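Heads up: the structure comes next, in structure tokens.
Within every chain, numbering begins at 1; the chains are lettered A, B, ... in the order of the sequence lines, protein sequences first and strands thereafter. These numbers come from a predicted model, not from an experiment. Only this structure's heavy atoms are used, side chains among them; waters, hydrogens and symmetry mates stay out.
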Protein chains: 2
Amino acid sequence: MPTPHYGQPRYRVIADELRQRIKGGVIPPGGLLPTESVLTAEFRASRGTIRQAIAVLRDEHLVVTEHGRGTYVNPHQHESRPGDGRETETRQRQVPADPEIAALFAVEAGTTLVEQQDVTRINGAVEAVVRAYRLRREKQ
Amino acid sequence: MPTPHYGQPRYRVIADELRQRIKGGVIPPGGLLPTESVLTAEFRASRGTIRQAIAVLRDEHLVVTEHGRGTYVNPHQHESRPGDGRETETRQRQVPADPEIAALFAVEAGTTLVEQQDVTRINGAVEAVVRAYRLRREKQ
DNA sequence: AGAAATTTGTCCGTATGTATC
DNA sequence: AGATACATACGGACAAATTTC
């Protein structure tokens, strides 16, 4: 909300939320964080504040940021036993919305959505496939 | 020259004046109050006094102050249940694997998978749809 | 291969919150 | 009361790296 009286600065609250998503696996190792613009919309905070929040996670070595690319969750967070390989492959693409998802977003079926797919493998075998859909960002 | 108002603290006099401007429509609902600096110059009072005056109006819910923005005249005097924030709805179901996912799991297309769908809403509007697919666990 | 759109990097200006002297 | 300093926060603008079309 516009004016949450603080016991804590906004950027720390946002950082905490993002850290929870990472630790909770909502954003897997190697996965891409939402862009600064998306986070701006989601948290209704200015870009500077979002960047400050991400800087916190970067200081914790929880994420790494690449110019023009985005911010990734550091895959080398906890190395497990050798041989017990857990790896995640991320891909982002644009897809037409199926009727069900279109209804959720309140758009026409076929509307272009952004799909981020994370494939997690354990010892080579696919363990889970996660697909996150979002509206493609218009000018803002 | 304005005679000093003894009998009433300065910040109350200023608060009264500002309240009159708001009630009188000089500053419309949703409108921005003059900045503290401007008010400081106008009333020839210290910033602390000005802030105290604004605090009075804030206590009356007549204005809302936003950090880094300014102080607005409250547009909704009577209703204030924004419902706030983010909520996630989770649903689990079984679905047949589409060819692409089937290939990832190395199973036949149409094989039953467990799909967990999380729908995140922000203020009612769908922000993201996340679908996680896993192989169905067989009983043992 | 080139143009347009995305996304992060950086800087400036303004405003409020808090603390100190 | 006043002055100053710093942290937090918003908004705009432009540059640089990358991806998409």
Side-chain angles (χ1 to χ4, degrees), chain A residues 1-18 27 30-59 62-74 89-96 112-117 132 134-140, chain B residues 2 4-6 8-15 18 27 30-59 63-74:
Chain A
M1 283 288 87
T3 315
H5 266 334
Y6 33 72
Q8 220 183 351
R10 292 259 285 145
Y11 75 92
R12 289 210 172 273
V13 175
I14 295 172
D16 290 344
E17 165 66 24
L18 292 177
I27 309 173
L32 208 50
L33 257 68
T35 68
E36 295 175 353
S37 301
V38 170
L39 293 175
T40 289
E42 178 176 344
F43 289 103
R44 306 240 188 265
S46 73
R47 199 176 152 222
T49 302
I50 297 297
R51 286 179 59 76
Q52 218 171 340
I54 292 178
V56 170
L57 305 181
R58 207 159 32 218
D59 284 347
L62 201 62
V63 300
V64 287
T65 302
E66 294 181 26
H67 194 168
R69 279 237 177 82
T71 298
Y72 296 87
V73 176
N74 196 334
E89 176 191 346
T90 299
R91 182 196 60 187
Q92 211 173 50
R93 62 179 176 180
Q94 303 190 355
V95 300
T112 299
L113 296 179
V114 177
E115 179 202 79
Q116 180 178 314
Q117 176 176 287
R134 295 173 194 275
L135 287 175
R136 188 165 56 162
R137 292 187 21 72
E138 302 297 333
K139 274 284 176 87
Q140 157 166 334
Chain B
H5 235 84
Y6 296 116
Q8 214 182 176
R10 190 114 165 73
Y11 74 93
R12 288 217 167 270
V13 176
I14 295 173
L18 291 177
I27 309 173
L32 209 50
L33 257 66
T35 67
E36 295 178 348
S37 305
V38 171
L39 293 175
T40 291
E42 179 179 343
F43 291 102
R44 302 202 195 282
S46 74
R47 193 172 166 224
T49 302
I50 297 297
R51 287 183 57 74
Q52 216 172 341
I54 292 178
V56 171
L57 305 181
R58 203 158 38 221
D59 284 347
V63 300
V64 180
T65 301
E66 295 185 22
H67 195 167
R69 283 239 179 89
T71 298
Y72 294 89
V73 176
N74 198 334

Nearest-Å distance for atom pair [atom1]/[atom2], residues [X] and [N]:
{"X": "A:F43", "N": "D:dA9", "atom1": "CZ", "atom2": "P", "answer": "13 Å"}
{"X": "A:Q52", "N": "C:dT10", "atom1": "CD", "atom2": "P", "answer": "14 Å"}
{"X": "A:R44", "N": "D:dT8", "atom1": "CZ", "atom2": "C1'", "answer": "20 Å"}
{"X": "A:E36", "N": "D:dA13", "atom1": "CD", "atom2": "C1'", "answer": "15 Å"}
{"X": "A:R69", "N": "D:dT20", "atom1": "CZ", "atom2": "C1'", "answer": "14 Å"}
{"X": "A:L39", "N": "C:dT6", "atom1": "CG", "atom2": "P", "answer": "17 Å"}
{"X": "A:I50", "N": "C:dT8", "atom1": "CD1", "atom2": "C1'", "answer": "14 Å"}

Go through it in stages, so that I can follow the logic: the residues are A:T71 and A:L57, the test is side chain to side chain contact (heavy atoms under 4.5 Å, CB included), and I'd like the CA-CA distance, side-chain angles, deciding distance and then a yes or no. CA-CA 10 Å; A:T71 298; A:L57 305 181; over 6 Å; no
[X] side-chain proximity, nearest of [options]:
{"X": "A:T49", "options": "D:dT18, D:dA17, D:dC10", "answer": "D:dC10"}
{"X": "A:T35", "options": "C:dT8, D:dC10, D:dT19", "answer": "C:dT8"}
{"X": "A:H67", "options": "D:dA16, C:dT10, D:dT8", "answer": "D:dA16"}
{"X": "A:R10", "options": "C:dT8, D:dT8, D:dC10", "answer": "D:dC10"}

Please report the closest heavy-atom contact between A:Y72 and A:G30, naming both atoms and the distance. CD2-O, 3.5 Å
A:R51 side chain N/O closer than 4.0 Å to the phosphate oxygens (OP1, OP2) of D:dA9?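 No, because none of the side-chain N or O atoms of A:R51 sits under 4.0 Å from OP1 or OP2 of D:dA9.
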Quick one: is A:Y11 getting a side-chain N or O under 4.0 Å of the D:dT8 phosphate, OP1 or OP2?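 Answer yes for this pair, as a side-chain N or O of A:Y11 is under 4.0 Å from OP1 or OP2.
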Give A:G48 one of three labels, base, sugar-phosphate or nothing, depending on what nucleic acid heavy atoms sit under 4.0 Å from its own.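 It contacts nothing in the nucleic acid.
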Counting distance alone, no hydrogens or angles: does the base of C:dG9 have a donor or acceptor under 3.5 Å from a partner atom on the side chain of A:R47?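 Under the 3.5 Å cut-off, the side chain and the base do form a donor-acceptor pair.
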Please check: side-chain N/O of A:R10 versus main-chain N/O of A:F43, any donor-acceptor pairing under 3.5 Å?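 Side chain of A:R10 to backbone of A:F43: a pair is present.
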In the structure I gave you, are the side-chain heavy atoms of A:I54 and A:L39 within less than 4.5 Å of one another anywhere? yes
Could you give the distance from OG1 (A:T40) to CD1 (A:I14), rounded to the nearest 0.5 Å? 8.5 Å
